[in-house]
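Quick notes on the structure that follows.
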2 protein chains.
Amino acid sequence: MLYILGLGLRGASSLSLQEKDILSGCEHIFFETYTSVSPSQTIDQLSTMLNREVKRAGREDVENPVALLSLSSRHDVCLLVTGDPLSATTHNQLRVDAQQAGINVTVIENASILSVIPGKLGLFPYKMGPPVSLPFPDDNFLPRSVCQKIKFNRDSGFHTMVLLDLREGRTMYSFEAVEVLLRMEEKHAIGAVSRSDVICAAIKVSQEGEKIICDRSENILDLRLEESPVTLVIPGSLNHNEEYFLGKFAKKCYYFR
Amino acid sequence: MLYILGLGLRGASSLSLQEKDILSGCEHIFFETYTSVSPSQTIDQLSTMLNREVKRAGREDVENPVALLSLSSRHDVCLLVTGDPLSATTHNQLRVDAQQAGINVTVIENASILSVIPGKLGLFPYKMGPPVSLPFPDDNFLPRSVCQKIKFNRDSGFHTMVLLDLREGRTMYSFEAVEVLLRMEEKHAIGAVSRSDVICAAIKVSQEGEKIICDRSENILDLRLEESPVTLVIPGSLNHNEEYFLGKFAKKCYYFR
């Protein structure tokens, strides 16, 4: 049996009671470390709490899961995934691969940044457009599509969640992400973001030091906050309630200066 | 102190370890019963597990929270909310009201139907348009806006999650919801849904008897499944991976007949 378990956003303490029971009865526990960032120390916390070895599973282990599936065909195996486990294609593919190998798969959901972020900012789920991913701008890779999707959402009055690329155990910082967005905009001139547009940065959500900032992008650049993980939100049109809630929930909020 | 705790989708067993600790140390525990449906027996399970009284909090208690806030100003109070606690305006307002009354508020997120549904169907989060709510058609209340929003999403290639109204402890059934959508369409002729369009119904998600159905709306009507809770998804354009995953994850899938 293969269990794909969501770890939520708080490390070991956001495991559900059912997940803890499953983990306690499992023979092999892996912690997937490449599709998202969990609080540091999570792997140690898990080992201590469960009194068991928790192994790291990297990109190769999950995308070419021959060893993982072979183990699951003979033993009860848990794969822990930060957030909700079925938000990434990789884990859907793993679920299908396991099914096709005749292995029973149980998936347990958990909190995902995708549903938590709007609430943290006081934004209405009904006004969230499709999210976008922002890649590191290696070799000047600044895809036009990111700006187009943001622009489309804004023109429709929708908010855009911008999921930030990961590297070396952290997401892009807020100022790095804003910088990349502005460079994209400079290159493609789509009208998605400008230096004076207001952007929200949700930093260390549900962790010690959580911070919601809502300010002009030039000010987020100037802050140069070296904190991770971060998710950006580009607001579309805010209704009265959203402006009110955002003003209450954000540490620094442009709308209520 | 007021704790607003997400209960997730599985009743007591989807509480997180941290939430269980908080509940154990709390003096008053309320379970909010009107913004969503938890598995029946949840309140009894919670009482038994915590060995404490768990009181029901209805609409009045949460929307006019004078008593709740007064209690929270003197005691540690927990309000349990099915799914994620900050997806409804009501709870955002409660958070603000408590803050303004000088009461410390701690919110603990949990799995939400909003982020879980795409994964259960194998749909890409990047292709989810804004969700819509479908009200019971009392007095022939069939708002044009529901059809317009679905049509807008479909025209943009996005999928639409349709959140179904609650009454007497259950959501609309899948066939009732499809019927309402078709009546709306008949009234407004927007081109959002037709009898031959394919619709997905996610039934009893993460509960015993979970079922993902993907079929022409006329066939969902014919099935007359009296099961709750249900969330519908109106697919926009499916990419190759989505069609493949949906075919694997759905019990009955039109795309793979």
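Not measured: the values here are computed from a predicted model. Convention: sequence-line order gives letters A, B, ...; per-chain numbering from 1.
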Shortest non-hydrogen contact between B:A177 and B:L134, atoms and distance: O-CD2, 3.6 Å

Chain A contacts, top residue of B:P85, B:A88, B:S133 (heavy-atom pairs, under 4.5 Å): B:S133

Count the heavy-atom pairs under 4.5 Å between each of A:G129, A:G83, A:P125, A:S87 and chain B, then report the option with the highest count. A:P125

Tell me if a side-chain donor or acceptor on B:S14 pairs with a main-chain N or O of B:L7 at a distance below 3.5 Å. yes

Relative to chain A, which segment of B:Y126 carries a heavy atom at a distance below 4.5 Å: side chain, backbone, both, or neither? both

Which of these, B:L79, B:T82, B:V81, B:L5, sits in a side-chain contact (heavy atoms from CB on, under 4.5 Å) with B:F31? B:T82

Which bit of A:M161 is near chain B, if near means a heavy-atom gap under 4.5 Å: side chain, backbone, both or neither? neither

Any side-chain to backbone donor/acceptor pair from B:S228 onto B:T171? Under 3.5 Å, distance only. yes

Can you tell me how far apart CE (A:M172) and CG (A:L166) are? Round to the nearest 0.5 Å. 9.0 Å

Rounded to the nearest 0.5 Å, what separates atom CZ in B:F249 from atom CD in A:Q99? 6.0 Å

For A:V205, is it the side chain, the backbone, both, or neither that has a heavy atom closer than 4.5 Å to a heavy atom of chain B? neither

For the side chain of B:D84 and the backbone of B:G6, is there at least one donor-acceptor N/O pair under 3.5 Å apart? no

Crowding at CD, A:Q100 (>12 non-hydrogen neighbours, <6.0 Å): yes

At their closest point, which heavy atom of B:L2 faces which heavy atom of B:S72, and how far apart are they? CD1-OG, 3.7 Å

Kindly say whether B:G209 contributes a backbone atom to a donor-acceptor pair with the side chain of B:Q207 at under 3.5 angstrom? no

With A:N64, which residues qualify under side chain to side chain donor-acceptor pair (under 3.5 Å), at least two apart? A:E60

Below 4.5 Å from any heavy atom of chain B, which atoms of A:A12 appear? Answer side chain, backbone, both or neither. backbone

Note: vs chain B, highest number of non-hydrogen pairs under 4.5 angstrom among A:S13, A:S156, A:G8 is A:S13

Quick one: does A:T231's side chain have a donor or acceptor within less than 3.5 Å of a partner on A:A202's backbone? no

Please examine the side chains of A:S237 and A:E242, heavy atoms only from C-beta on, and report whether any two atoms are closer than 4.5 Å. no

Keeping the roles fixed (side chain from A:H159, backbone from A:G236), state whether a donor-acceptor pair exists under 3.5 Å. yes

Keeping A:E210 on the side-chain end and A:I212 on the backbone end, is there a donor-acceptor pair under 3.5 Å? no

For chain A, find its close neighbours in residues 142-149 of chain B: heavy-atom separation under 4.5 Å, sorted by number, or none. none

Residues of residues 89-97 of chain A under 4.5 Å from chain B (heavy atom pairs)? A:T89, A:N92, A:Q93, A:R95, A:V96

Which label fits B:F158 and A:F152: parallel for a plane angle under 30°, tilted from 30 to 60°, or perpendicular past 60°? perpendicular

Name, in order of residue number, those residues of residues 104-123 of chain B that have a heavy atom at a distance of less than 4.5 Å from a heavy atom in chain A; otherwise write 'none'. B:V107, B:I108, B:E109, B:N110, B:A111, B:S112, B:L114, B:S115, B:V116, B:G119, B:K120, B:G122

